[in-house]
Amino acid sequence: MLNGGVHKPCEKPNRNLSVGNKKPWNMVVALSPLQVIGFPSLQLHMSGIAMRASQEDFENALNQVKLLKKDPGNEVKLKLYALYKQATEGPCNMPKPGVFDFINKAKWDAWDALGNLPKETARQNYVDLVSSLSSSSESSNQVQPGTDRKQQEYENLVVTSEDGITKITLNRPTKKNAINTQMYQEIILALKAASNDDSILTVVTGNGDYYCSGNDLTNFMDIPPGGVEEKAKQSAVLLRDFVGSFIDFPKPLIAVVNGPAMGISVTILGLFDAVYASDRATFHTPFSHLGLTPEGCASYTFPKIMGPAKATEMLIFGKKLTAGEACAQGLVTEVFPDSTFQKEVWTRLKAYSKLPKNAMKISKQVIRNMEKEKLHAVNAEESSVLQERCLSDECINAAVNFLSKRAKL
Ligand SMILES: CCCCCC/C=C/C(=O)SCCNC(=O)CCNC(=O)[C@H](O)C(C)(C)COP(=O)(O)OP(=O)(O)OC[C@H]1O[C@@H](n2cnc3c(N)ncnc32)[C@H](O)[C@@H]1OP(=O)(O)O
């Protein structure tokens, strides 16, 4: 296994798996338009809109809103939500949510404020509002790909290929690269594309000061018609597919950890073939604090990589490791000073990308195949346990505390 840092040598190179203090209103800020609006397009079909031509415009607008690249802000998102509800259900006659149910109360207030506005007018206003947003929407990609060959467009990632290396950059820097539902899906797609492209190595890194702050805690706010149980089920399926795509990834996969890493972005590192970290990076898995349990196969890979006692400190007690500590535990391959991190890592990776492609790929597969079945079984078990945990009071309270800005990790 690649290990033994030049700058900060790892003492234990046995990584044997290749493997609230703000306003309550601010809670809504973190939500994507669809998360605030929280409707499936199916609901539209069921609700029976009176005017056919206008329904088409309305449906188009519903699709357009999903493609907005720029967050329109809370005020607009609430307006969209209210107009949508008015257009499909008419005036608000739902019971008013409790005073501490901040998000639902804000949504209820916005809808109720429309009074007796006719459904047709609400529909028209919705279409007009989306059209004005679409025309002012700009690309949210903040990474300049330079001379890299840029691949498919993603909302939350920038994927480039150069020198035989496909680079997948997590690109939500204003949210510390937290992984929202769409981003999980995009990462699965990007890994699929990278496994089929002609690159030799695949790299995952982050844009901005964080590598990744883990699961986007607003993911659980977008509740489907089937309710919270259905949401937990969908999340568990998505999680299993997401982790599965790392287990099955066929080429050498390298993490370039440019800053702090949290939650699922840490656990999944146990499935990478090499992890290079800036000395600014930290590794934090505060699952118990969030009422959650480990995922990303960490319940299996971490004890194997660092021994059960150290794995327990991280996965059960939420101990945050520095890059040097993570290297000493075998989770990180090598640590570099932040000032020279990018230069040194990319020089290294470019050299590795010149090694014989097939030999590296087959070696990775031989190593991984020893563990694959076990890893898939662990992934299924972890996802199923998490499906239950998502519904626990411990987890819901932790998410509400974060969203109401009462807690940070
Ligand atoms: C398919 C489902 C699978 C479920 C798998 C289970 C997954 C488990 C995990 O990944 S557990 C880890 C979850 N992550 C967290 O709990 C981190 C929460 N965030 C924080 O504690 C802090 O934001 C911070 C320490 C990462 C950074 O603090 P600070 O430097 O003070 O910055 P801000 O808090 O102001 O953050 C800026 C901006 O980003 C938003 N944000 C950051 N992290 C997340 C997140 N994980 N989810 C949602 N939003 C996040 C934060 O709210 C700020 O947004 P704002 O500017 O206020 O709109």
Side-chain angles (χ1 to χ4, degrees), residues 1-2 15-19 154 156-157 159 165-170 177-197 199-206 211-216 235-257 261-277 283 285 287 293-305 311 315 326 330-333 360-361 363-384 386:
M1 185 49 227
L2 300 165
R15 189 171 179 272
N16 52 2
L17 267 177
S18 273
V19 248
Y154 296 94
N156 304 289
L157 306 176
V159 181
I165 305 174
T166 289
K167 177 165 70 158
I168 300 171
T169 304
L170 311 176
N177 298 324
I179 310 177
N180 61 20
T181 302
Q182 187 184 359
M183 195 165 167
Y184 279 108
Q185 287 157 347
E186 289 184 356
I187 294 170
I188 295 171
L189 286 177
L191 288 174
K192 187 103 210 125
S195 52
N196 293 323
D197 70 15
S199 66
I200 294 148
L201 306 178
T202 301
V203 168
V204 177
T205 191
Y211 173 67
C212 176
S213 63
N215 184 52
D216 188 315
S235 302
V237 170
L238 180 59
L239 174 66
R240 207 183 54 223
D241 290 350
F242 175 77
V243 176
S245 63
F246 284 86
I247 297 172
D248 291 333
F249 192 71
K251 301 176 183 177
L253 182 63
I254 294 116
V256 172
V257 185
M262 294 184 76
I264 191 163
S265 72
V266 176
T267 53
I268 209 83
L269 292 176
L271 297 171
F272 280 68
D273 303 295
V275 177
Y276 297 121
F283 298 82
T285 47
F287 297 125
T293 45
E295 22 60 352
C297 292
S299 57
Y300 177 68
T301 59
F302 278 28
K304 210 164 168 176
I305 290 167
L315 297 176
L331 181 63
V332 164
T333 307
M360 287 197 289
K361 187 171 171 180
S363 297
K364 151 123 194 197
Q365 290 175 4
V366 169
I367 298 168
R368 179 53 51 89
N369 287 347
M370 307 279 180
E371 300 276 7
K372 220 177 212 181
E373 211 177 312
K374 176 76 186 169
L375 290 169
H376 280 299
V378 171
N379 182 25
E381 172 67 8
E382 288 178 343
S383 302
S384 146
L386 261 175

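Positions are given from 1, in the same order as the sequence printed here. Computed over heavy atoms, backbone and side chain alike; hydrogens, waters and symmetry mates excluded.
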How about D241 and Y184: does a side-chain donor come under 3.5 Å of a side-chain acceptor? no
Scan side-chain atoms only and decide if E382 and Y300 contain a donor-acceptor pair under the 3.5 Å cut-off. no
Atom [atom1] in [X], atom [atom2] in [Y]: separation rounded to 0.5 Å?
X	Y	atom1	atom2	value
Q185	Y154	CD	OH	12.5 Å
E373	I247	CD	CD1	11.5 Å
T293	F287	OG1	CZ	8.0 Å
L189	Q182	CG	CD	10.0 Å
L239	S235	CG	OG	8.5 Å
L375	T301	CG	OG1	7.5 Å

Taking every non-hydrogen atom, the tightest pair across [X] and [Y]:
X	Y	result
L269	S265	CG-O, 3.3 Å
A190	I168	CB-CD1, 3.9 Å
A311	P303	CB-N, 3.6 Å

Donor-acceptor pair, distance only, cut-off 3.5 Å: does the side chain of S213 make one with the backbone of N177? no
Is N180 reaching over with its side chain to a backbone N or O of D216, donor-acceptor style, under 3.5 angstrom? no
For T267, which residues count as a side-chain hydrogen bond (donor to acceptor under 3.5 Å, both in side chains) partner, sequence neighbours excluded? E295
K192 vs I188, side-chain contact (heavy atoms from CB on, under 4.5 Å): CA-CA, chis, key distance, verdict: CA-CA 6 Å; K192 187 103 210 125; I188 295 171; 5.6 Å; no
Test applied, side chain to side chain donor-acceptor pair (under 3.5 Å); reference residue, K251; option that passes from T202, D197, D273: D197
Should the pair E371-K304 be classified as a salt bridge under the 4.0 Å nitrogen-to-oxygen rule? yes
